[in-house]
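The block underneath contains the structure these notes are about, expressed in structure tokens.
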Amino acid sequence: MKVAVLPGDGIGQEITTQAVAVLKALGLSLETEEAPVGGAAYDSAGDPLPQATLNLARDADAILFGAVGGWQYDKLPRAKRPEQAVLGLRRELGLFANLRPSIVYPELVNASTLKPEVVSGLDLLILRELTGDIYFGQPRGVRTVESGPFAGQREGFDTMRYAEGEISRIMHVGFAAARKRGKRLCSVDKANVLETMQLWKDVAAAVALEYPDVEYSSMYVDNAAMQLVRNPKQFDVIVTGNMFGDILSDEASMLTGSIGMQPSASLNASKKGLYEPIHGSAPDIAGKDLANPLATILSAAMMLRYSFDDEASAGRIEAAVRKVLAQGYRTADIFEPGTNKVGTRQMGEAVLKALA
Ligand code: IPM
Ligand code: MG
């Protein structure tokens with residue numbers, strides 16, 4: 001098994017170092033190889049996704065990804081910005097299915113900004129389509145307005161689009177996942193306004209007929225955003241498009257107390273996956289041993305589960321994470337008085353100890 005490790009920028013290096021140590025401690029025959037990506041790759045090779053990095057990602061069985069981005073890259077032309085690396089990997093490897101679970105660990109129930117009774121016991125899966133929608137739709141650009149009150153001005157435009165097959169394949173992933181969990185699936189769209197989303201809703205309803213054992217519903221995205229904070233436990237699996245999924249998954253992450261606890265998997269049709277924490281590169285705390293490595297460590301667990309079919313090892317990592325939380329170890333983002341505040345390294349070491 002070969003894992004490409006792409007640490008990226010900011011806290012990326014610190015958190016992937018801890019996750020790689022956890023993977024290595026399991027005693028599996030697993031080989032890792034590191035390559036630069038994002039701003040780090042722009043600095044060293046002039047390209048956020050150099051060909052060598054893309055080749056390594058292509059050859060590997062799975063990819064462990066840290067985070068990309070930094071204020072110093074914000075003024076670069078779009079094609080050179082760090083974010084293009086992750087978008088390019090998603091597109092080039094066909095990673096269309098993005099699983100973003102939100103689990104509230106009992107020890108962290110007070111870390112959420114919502115009332116404990118609203119979030120305790122939450123186990124939600126947001127499945128975000130990752131290679132279509134307005135993120136990749138063409139045409140896009142900036143043009144000049146021809147007529148009307150804004151004639152002569154610049155106009156930015158993007159294209160929201162989905163082909164039927166793109167919608168049905170993500171729905172099948174969603175229904176299969178729901179079958180193994182709480183057997184409820186809610187498709188989130190904006191069919192009341194957008195043509196693309198009416199097609200989304202129609203295709204979702206048609207696929208639902210193939211899964212009579214899963215309770216199917218659909219909801220408009222604005223209502224879903226509201227329901228996620230009103231009563232998140234009404235959801236089991238949410239399936240949605242690229243743009244809405246980006247927003248709703250950040251919202252859902254805060255139900256769990258910290259975005260620093262949220263792993264993710266991005267899978268293609270042959271189960272090759274890119275595994276990354278859903279948080280960003282946090283340049284403000286980079287290199288200070290402050291970042292929470294648990295989201296990346298939990299992403300490594302998802303890697304073992306989805307790309308290597310090793311449920312036992314995935315479960316071992318997740319049990320170790322639960323154990324360190326029960327033991328009171330907390331990074332700054334999840335700290336509360338009475339617990340033991342630790343840095344990135346100490347948290348990683350505590351997980352290694354709990355594994356042993
Ligand atoms: C995410 C991020 C990315 C996205 C950015 C970094 C391009 O926000 O993975 O959610 O918008 O998809
Ligand atoms: Mg996002």
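Atoms within each ligand, like the ligands themselves, are counted from 1 in listed order.
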(request) Apply the test salt bridge (Lys or Arg N to Asp or Glu O under 4.0 Å) to residues D213 and R179: give CA-CA distance (whole Å), side-chain angles for both, the deciding distance (0.1 Å), then the verdict. (result) CA-CA 8 Å; D213 52 322; R179 246 182 196 164; 2.8 Å; yes
(message) Could you go through E251 and S249, starting from their C-alpha distance and side-chain angles, then the distance that decides it, and tell me whether this counts as side chain to side chain donor-acceptor pair (under 3.5 Å)?
(response) CA-CA 5 Å; E251 185 189 9; S249 62; over 6 Å; no
(request) Can you sort out which atoms of ligand 1 are near R128, meaning under 4.0 Å from one of its heavy atoms? (result) 1 (C), 4 (C), 9 (O), 10 (O), 11 (O), 12 (O)
(message) Students should be able to answer this: which protein heavy-atom is nearest to atom 6 (C) of ligand 1, and at what distance?
(response) E83 CG, 3.8 Å
(message) To check your reading of the model: name the closest protein heavy atom to atom 11 (O) of ligand 1, its residue, and the distance in Å.
(response) Y135 OH, 2.5 Å
(message) R90 versus ligand 1: do any nitrogen or oxygen atoms come within less than 3.5 Å of each other?
(response) yes
(message) In this structure, does ligand 1 have an atom that sits under 4.0 Å from one of the heavy atoms of R100?
(response) yes
(message) Check for me whether D246 has a heavy atom closer than 4.0 Å to any atom of ligand 1.
(response) yes
So, taking the atom named [atom1] in [X] and the one named [atom2] in [Y], what distance separates them when rounded to the nearest 0.5 Å?
| X | Y | atom1 | atom2 | answer |
| --- | --- | --- | --- | --- |
| R90 | L130 | CZ | CG | 4.0 Å |
| Q51 | N55 | CD | CG | 4.5 Å |
| M160 | D133 | CE | CG | 4.5 Å |
| L304 | I317 | CG | CD1 | 5.0 Å |
| I238 | R100 | CD1 | CZ | 13.0 Å |
| T296 | I11 | OG1 | CD1 | 7.0 Å |

(message) Please give me the protein atoms (N, O or S only) lying under 2.8 Å from the Mg ion (ligand 2), ordered by chain and number.
(response) D246 OD1
(request) Go through R330 and E107 one step at a time and tell me if the salt bridge (Lys or Arg N to Asp or Glu O under 4.0 Å) criterion holds. (result) CA-CA 10 Å; R330 300 285 187 277; E107 292 81 10; 6.0 Å; no
